[in-house]
Amino acid sequence: MSKMHIRTGDKVVVISGEYANGSKPTIGKVIGVSPKEGKVMVEGVHIVSKHVKPRRQGDPGGIIKTEGAIYASKVQLYCSKCSAGRRTRVQVKENGEKVRVCVKCGEEL
């Protein structure tokens with residue numbers, strides 16, 4: 001996967017997998033994107049424990065909690081007007097600028 005529908009800083013909702021709650025959707029901000037692997041890192045989703053070795057004298061080592069990557073196909077952009085994850089389309093403005101808009105309501109994302 002080379003081109004992705006998600007960018008760093010987008011607000012997304014997890015739609016499938018372990019972190020998708022049926023009654024209350026998991027919403028978070030994208031903190032990292034890996035187009036080569038087709039994965040994204042979402043704030044507060046898929047927390048993993050990493051064993052960190054101290055690199056310099058005085059650096060603390062130990063186990064830290066950080067976000068792990070999940071597949072980009074498991075998330076959708078969050079539309080604040082619809083209050084749900086939605087598909088998007090690209091719309092060209094009059095000045096030639098391309099923007100992503102919600103397919104259902106037309107809100108600019």
Side-chain angles (χ1 to χ4, degrees):
M1 184 182 263
S2 58
K3 189 168 168 75
M4 296 183 64
H5 66 286
I6 304 292
R7 298 182 192 143
T8 304
D10 287 344
K11 197 173 185 183
V12 295
V13 59
V14 181
I15 57 170
S16 71
E18 184 183 344
Y19 305 100
N21 298 334
S23 58
K24 187 174 180 239
T26 306
I27 299 166
K29 187 177 167 189
V30 177
I31 55 174
V33 177
S34 176
K36 190 174 179 181
E37 295 176 328
K39 293 185 176 187
V40 294
M41 290 171 57
V42 182
E43 200 172 71
V45 177
H46 188 60
I47 304 296
V48 295
S49 298
K50 283 176 65 174
H51 295 262
V52 178
K53 191 174 184 179
R55 293 293 171 196
R56 283 182 244 131
Q57 192 171 6
D59 272 357
I63 302 169
I64 61 165
K65 303 263 185 197
T66 185
E67 285 88 0
I70 61 172
Y71 284 105
S73 60
K74 293 180 179 278
V75 297
Q76 274 187 334
L77 277 171
Y78 181 76
C79 178
S80 55
K81 188 174 179 184
C82 299
S83 298
R86 295 285 183 223
R87 292 181 180 173
T88 59
R89 68 169 176 242
V90 176
Q91 193 173 37
V92 181
K93 287 186 170 182
E94 296 161 0
N95 61 359
E97 182 186 356
K98 293 180 182 180
V99 292
R100 294 176 295 173
V101 295
C102 175
V103 169
K104 192 158 188 170
C105 69
E107 178 81 11
E108 190 176 309
L109 301 174

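Owing to the predicted nature of the structure, the values given are computational and were not obtained by experimental measurement.
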Report yes if the side chains of V45 and I70 come closer than 4.5 Å at any heavy-atom pair, otherwise no.
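SC-SC contact between V45 and I70 confirmed.
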
What is the distance from atom [atom1] of [X] to atom [atom2] of [Y], rounded to the nearest 0.5 Å?
X   : Y    : atom1 : atom2 : value
K29 : Y78  : NZ    : OH    : 16.0 Å
I27 : S83  : CD1   : OG    : 8.0 Å
I31 : E43  : CD1   : CD    : 6.0 Å
C82 : E107 : SG    : CD    : 8.0 Å
R89 : C102 : CZ    : SG    : 8.5 Å
H5  : R100 : NE2   : CZ    : 9.0 Å

If you apply the rule side-chain contact (heavy atoms from CB on, under 4.5 Å), what do you find for I47 with E67, and how did you get there?
CA-CA 5 Å; I47 304 296; E67 285 88 0; 4.0 Å; yes

- prompt: Quick one: salt bridge (charged side-chain N to carboxylate O under 4.0 Å, His left out) partners of R7, sequence neighbours excluded?
  reply: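 Partners of R7 by the salt bridge (charged side-chain N to carboxylate O under 4.0 Å, His left out) criterion come out as none, since no residue qualifies.
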
Exercise for review: Just do the side-chain contact (heavy atoms from CB on, under 4.5 Å) check on K74 and V42 with the steps written out, would you?
Suggested key: CA-CA 11 Å; K74 293 180 179 278; V42 182; over 6 Å; no

**Request:** Just do the side-chain contact (heavy atoms from CB on, under 4.5 Å) check on M4 and V40 with the steps written out, would you?
**Result:** CA-CA 10 Å; M4 296 183 64; V40 294; 3.7 Å; yes

Checklist entry - Are V33 and M41 connected, step by step, through hydrophobic side chains (Ile, Leu, Val, Met, Phe, Trp, Tyr) whose heavy atoms are closer than 4.5 Å? => result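 Hydrophobic grouping puts V33 apart from M41.
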
**Request:** Please identify each residue that fulfils side-chain contact (heavy atoms from CB on, under 4.5 Å) with V99, with sequence neighbours left out.
**Result:**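 Listed in chain order: Q91, K93, E97, V101, E108.
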
Qualifying residue for side chain to side chain contact (heavy atoms under 4.5 Å, CB included) with Q76, from V14, T88, V13:
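Single pass found, and it is V13.
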
* **Considering all heavy atoms, the nearest V12-I6 contact** =>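 Result for this residue pair: CG1-CD1, 3.8 Å.
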
Exercise. So, does T26 use its side chain to make a donor-acceptor pair with the main chain of Y19 at under 3.5 Å?
Worked result: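 Yes, T26 side chain to Y19 backbone: donor-acceptor pair under 3.5 Å.
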
